[in-house]
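Each remark here refers to the structure printed beneath this line.
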Amino acid sequence: MPSPLTSPAAAAANFEFRSAEHVPETHEWPGLHDHPSVEAAAAGRDAVPVVDLGGGGDPAAVARAVARAAEEWGAFLLVGHGVPAGVAARVEEQIARLFALPAAEKDRAGRRPGEMNGYGRPPYAVRFSRLMWSEGYTFAAAAVRDEFRRVWPDGGDDYLRFCEVMEEHHREMMALGGRLADVFFRALGLTDEQIAAGETERKIRESLTATMHLNLYPRCPEPERAIGLAAHTDSGFFTLITQSPVPGLQLLRRGPDRWVTVPAPPGAFAVVLGDLFQLLTNGRYRSAFHRAVVNGDRDRISVPYFLGPPPDMKVAPLAAALPPGGKPAFRSVTWPEYLGVKGKASGFDASALAMLQVPEEADKNVSVVPPVPTKH
């Protein structure tokens, strides 16, 4: 693990990726090859799960496929989702145009210390001593017009077109996220009637909040020495990732440890589960430790759409996720509280959840979501 930064190295933020002939020391990452990288297999233990949300009209089959993927991988490729193919193409076009702007224009939206939104490195990246081979922009998906006035203060056609495309993407992804949340609940064994009657399930589905992060991973002259996005787990519920047809997302698989490269078939979204979903499901579904590598020949664009609870919602294990007579494995926590816990952890994986585990001699005051009534 790289050592924490002692200074922000602000000058490196405007590094000219396009003109680089070598990876400088500021962007060189040690330990990238501690585990081998393998291509996803067509079958067997390295076959990344594919879930067809259409499922041939069999919701039970879809739920079983999601349960297997969530338990074994914490991630899967999603097809049959119904999102028009043109949405992803329009998003990629606008992101490429955004990152092609002169540095001075992008810097108007530079992320300031302590802020989540804006142009620049992801907030957690300041804990690393090396820089990633990428450009990024984070913003609240529901506030795109206010956010991108920072880039285009005078508005205009470019601004309007960019915002319209991002808003279209937000509408489609939020609708898909709500449908996928129901599938996850079914995968826990809940019926549609129970989901509709369950106050907690309904609140989760209806109050999902969304954050978008736009990533550009430029072509790298020495891809074996650089990383696009450092290995980590996401903190929220789950992430829908739109990616250009240049593979780069990798998932860590155990026994033996290896990085499996996720394919990027046209029209498919990658779904990655986060730490709070592992907590919500009492550890039944796991968050995925993942990273993004860079390509020596082509740029890669990805758009993670992070879905999680509102900041004031206490997340606790669902009763449906508990074994008969079982107790919750984790205490309840809000998203901001969990980010504080994770910020104190030594790594960027779900090991922070261990700090929320309830001892076996469970405290009687632990918050437990009440069971959903069964409709007879």
Q: State, without any angle test, whether D275 and T233 hold a side-chain donor-acceptor pair at a distance under 3.5 Å.
A: yes
Q. Just by distance, do the side chain of R291 and the backbone of L249 share a donor-acceptor pair under 3.5 Å?
A. no
Q: Please check if the side chain of R150 supplies one atom and the backbone of D107 the other of a donor-acceptor pair under 3.5 Å.
A: no
Q. Is the H232-F289 ring centre distance short of 6.0 angstrom?
A. no
Q: Output yes when D299 and R18 qualify as a salt bridge under the 4.0 Å nitrogen-oxygen rule, no when they do not.
A: yes
Q) Below 4.5 Å, heavy atoms only, C-beta onward: do L280 and I204 meet side chain to side chain? A) yes
Q | K106 versus F99, closest heavy-atom pair with distance | A | NZ-O, 2.9 Å
Q | Pairing of R112 and E115 as salt bridge, 4.0 angstrom limit | A | yes
(Q) Going by side-chain hydrogen bond (donor to acceptor under 3.5 Å, both in side chains), name the pairs with one or both residues in residues 168-180, residues two or more places apart or in two chains. (A) R90-E168, H170-Y305
Q. Hey, are the side chains of F277 and F184 touching, using non-hydrogen atoms and a 4.5 Å cut-off?
A. yes
**Q.** cation_pi(R253, W73) dist<6.0 Å, angle<=45
**A.** yes
Q. Take atom CG in D157; do more than 12 heavy atoms of anything else shown fall under 6.0 Å from it?
A. no
Q) V151 and R108: which non-hydrogen atoms are nearest, and at how many Å? A) O-NH2, 2.7 Å
Q) Are any side-chain N or O atoms of R331 and backbone N or O atoms of V358, one a donor and one an acceptor, separated by less than 3.5 Å? A) no
Q.
Please confirm whether the ring centroid of F162 lies under 6.0 Å from the ring centroid of F148.
A. yes
Q) Is the centre of the F306 ring less than 6.0 Å from the centre of the F237 ring? A) no
Q. With a cut-off of under 6.0 Å to the ring centre and 45° to the axis, is R219 in cation-pi contact with F17?
A. no
Q: Answer yes or no: does atom NE2 of H22 have more than 12 heavy-atom neighbours from other residues, nucleotides or ligands under 6.0 Å?
A: no
Q: Keeping the roles fixed (side chain from R149, backbone from P153), state whether a donor-acceptor pair exists under 3.5 Å.
A: yes
Result block: side-chain N/O donor-acceptor pairs under 3.5 angstrom for residues 55-65, not counting sequence neighbours:
{"from": "D58", "atom 1": "OD1", "to": "A60", "atom 2": "N", "distance (Å)": "3.2"}
{"from": "D58", "atom 1": "OD1", "to": "A61", "atom 2": "N", "distance (Å)": "3.3"}

**Q.** Aromatic centroids of Y137 and H213 separated by under 6.0 Å
**A.** no
(Q) I'd like to know if the side chain of R298 and the backbone of G296 have a donor-acceptor N/O pair within less than 3.5 Å. (A) no
(Q) Minimum heavy-atom separation for R286 and L252, please, with both atom names. (A) NH2-O, 4.2 Å
Q. Does the H33 side chain pair with the main chain of E224, one donor and one acceptor, at a distance under 3.5 Å?
A. yes
Q: List in chain and number order the residues that pass side-chain contact (heavy atoms from CB on, under 4.5 Å) with S302, two or more places apart in sequence or in another chain; answer none if no residue qualifies.
A: N215, Y217, I241, Q243, R300, P304
